[in-house]
Every structure is written in C-alpha cells, then in structure tokens.
Amino acid sequence: MLKVKTPKTGKARRELDKRAPKLVETGKKTLILHGTKTSGVLNSVLTQIYHITKENALRFSRKNEDVRPFESGGEASLEFFSLKTDCSMFVYGSHSKKRPDNLVIGRTYDHHIYDLVEVGVENFKPLESFSYDKKLAPKAGSKPFIAFIGEGFDSVEELKHLKEVLLDLFRGEVVENLNLAGVDRAYVCTAVSLNRVFFTHCALQLKRSGTIVPRMELVEVGPSMDFVVRRHRLPNEGLRREAMKTTRDKPKKKEKNVSKDVIEGKIGKVYIPDQKVGEMALPNKAKGVKRERREAKLRHGDGNEYASKKQKEDSE
C-alpha cells in the first residue's frame, strides 16, 4: 500500500488537483517500460512506438523485475509508476519462451489498473526498412487518421477491446476541428483473422483530383507488424461506470437584456445613464472663454467701459 501524504503547501495541492480524475479529461500520456527480459525485436518495437507517440509518451530504459501484469501483486509497481509520472496508459514489453515478443497495453483510472490487452508481435518491419520520399515523412505531433478494417472489430470481443486501447494509444490530443492540410499520417489496422491484426503506419500524400477536395494516397513509412491477441482483461462493471461518468448538460445561464429573434437573431438592449452636462468639469484653458464673456457683458449693457477704452485707443 502506498502511504498517503497530505499536501502542506498550496503548490502541492494544486498539483494534486491537476492529477485527480476529471469529468472532462485532458490529454493522455503513455508510459513505455521494459520487463525483466526483452529481445532485440521487442526493444526495437518499444523504441519505435515511443518515436511515433513521442509528444505524449515517456520511456523507461531500465529493466523492471517487479512489474508483472495479469499476476496478483505484480501490478503495484505499475500503479506506482503511473502515479509518479502521471501517465494514464502504459506499454510493457517482455520476452519468454512461453510468450515471445510480448506486449501488454493497458489503461489506468485514478492510477489503478483499468484494463489490459496482451498481444504478441510478429513480422515486424522497422522504419529503416521502408524507402520513400523523405518529404512525405509525418511531422512530430501531427493529428493522425486511424482506420480499422474488418468485421472482427465489431463482432469479436478481443478485437473490440484491442480497438479501444489502440485508439487511446495513437489518437493523440482530442480536437473538434481539423485542418486537412495538417493531416499527414494514418494508422491502418486490418483484422486478418479472429485473433490477428495487421498494423501499419502510412504517410498521406495529397494529389490533384479535379475538385476542391484533393485525392489522398497512402505511402507506407513504417513501422508495420502483426498483433496476435493472447490475453485480455476487461474492467469490472462498477469501475467502468465510475470511469465513464460524464457531465450532464447544464442549463445555460440566462443573459440579462438579451433576446433572440427568428429573423434578426440575437437582440440586446443597452441602457445608457442620463448625461449631467451641468456637472461636467471643464478645462481651465478653454478657447474662446474671454471672448464669450465680453460678448455677454455687451448684451447686458455692462460694456460701456470696454467701449470707452476702445474709443480712446481709436482717437489716439
């Protein structure tokens, strides 16, 4: 059991609030780590998964003897690493005679194991084995397309579960609007059989189509591999309901002095207070003030002195 410490500073409390479960989740980070024994193929697979998900991934290069998914007591270290790194997904690689080139992809909720999918890697081709125009290489952090081909992803329980996990692993940041010019990659997953999925990474090449919408062509840039589903563990129903909880649509707050019309749309009323001109402060050096005073004195008959002075000046 992990020792629970109460935060003593405001900064520590704010950091814990950021890591706490939210109704609207932020982007997910992936932890990539090695088991007690790994093969050269598996090391290359983990490296290239980290390469294509680098913007939202963290990799541990050392071996972890205490991490054993699907075993009682072997998941405490995984939950500890998830808490320390604030990662809600993990990819764990191990190699044994019984399960060669084994990958375990899992998700966590509140830093506890949520579900697990175990696949074996076969027919692996790294990035270096593909030849293509380097100008087509996908840019780091770009939003990908993900295509799932085959009826197995809708009918077979294992493939449906694998589809959910792969979507969370490769989709990156969730966005509402997408610029077609910025989409330069696609992940293609094809259900070959009831327990085998062919996975490949492709670049998107835009070509002229004679219309506004360009024609897209897929250029395989790697890596590519076969995923053979071995074991999987679904979350229990209570944990699933807790994790899938969403916010209810809150009623919109009423806006004062705002109404809507079918023709004119949104109409608002603006209230302006009465201007008190008499109490307004005037500047000290206003132009024309002396002239206005002289004209006022002349109108009220007080300008005799001014007129006599003017006559004397004219006579001189």
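Keep in mind it's a predicted model, so treat the numbers as computed, not measured.
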**Student:** Any carboxylate oxygen within less than 4.0 angstrom of a Lys/Arg side-chain nitrogen, looking at E65 and K63?
**Tutor:** no
**Student:** Using a cut-off of 6.0 Å, state whether more than 12 heavy atoms not belonging to K134 lie near its atom NZ.
**Tutor:**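 Check passes, neighbour count above 12.
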**Student:** Centre-to-centre under 6.0 Å for Y92 and F81, is that the case here?
**Tutor:** no
**Student:** Any chance you could measure R196, atom CZ, to L159, atom CG, to the nearest 0.5 Å?
**Tutor:** 12.0 Å
**Student:** So, taking the atom named CD1 in I105 and the one named CG in D168, what distance separates them when rounded to the nearest 0.5 Å?
**Tutor:** 11.0 Å
**Student:** Would a single hydrophobic cluster contain both V91 and V41, if residues Ile, Leu, Val, Met, Phe, Trp and Tyr are joined by side-chain heavy-atom contacts under 4.5 Å?
**Tutor:**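 In one cluster with V41: V91, yes.
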**Student:** Check this for me, if you would: do E220 and K125 make a salt bridge, where the nitrogen-to-carboxylate-oxygen distance has to be below 4.0 angstrom?
**Tutor:** no
**Student:** Are there over 12 heavy-atom neighbours, none belonging to E151, within less than 6.0 Å of that residue's CD?
**Tutor:**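 Not more than 12 within 6.0 Å, no.
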**Student:** I would like to know whether E75 and R233 meet salt bridge (charged side-chain N to carboxylate O under 4.0 Å, His left out); could you show each step before the answer?
**Tutor:** CA-CA 13 Å; E75 298 175 354; R233 189 176 75 193; 3.1 Å; yes
**Student:** Under 30°, 30 to 60°, or over 60°: which ring-plane class applies to F199 and Y187, parallel, tilted or perpendicular?
**Tutor:**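 F199 and Y187: parallel rings.
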**Student:** First locate atom CG of D110, then atom OH of Y114, and finally report the distance between them rounded to the nearest 0.5 Å.
**Tutor:**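 That separation rounds to 13.0 Å.
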**Student:** Establish, from distance only, whether the side-chain atoms of S193 and N195 form a donor-acceptor pair under 3.5 Å.
**Tutor:**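 Looking only at side-chain atoms, N195 and S193 do form a donor-acceptor pair, the distance falling under 3.5 Å.
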**Student:** Distance from L116 atom CG to H232 atom NE2, nearest 0.5 Å?
**Tutor:** 11.0 Å
**Student:** So, applying side-chain contact (heavy atoms from CB on, under 4.5 Å) with P144, which one of R185, H201, R171 is it?
**Tutor:** R185
**Student:** Hydrogens and angles aside, do R59 and T47 bring a side-chain donor and acceptor to less than 3.5 Å of each other?
**Tutor:** yes
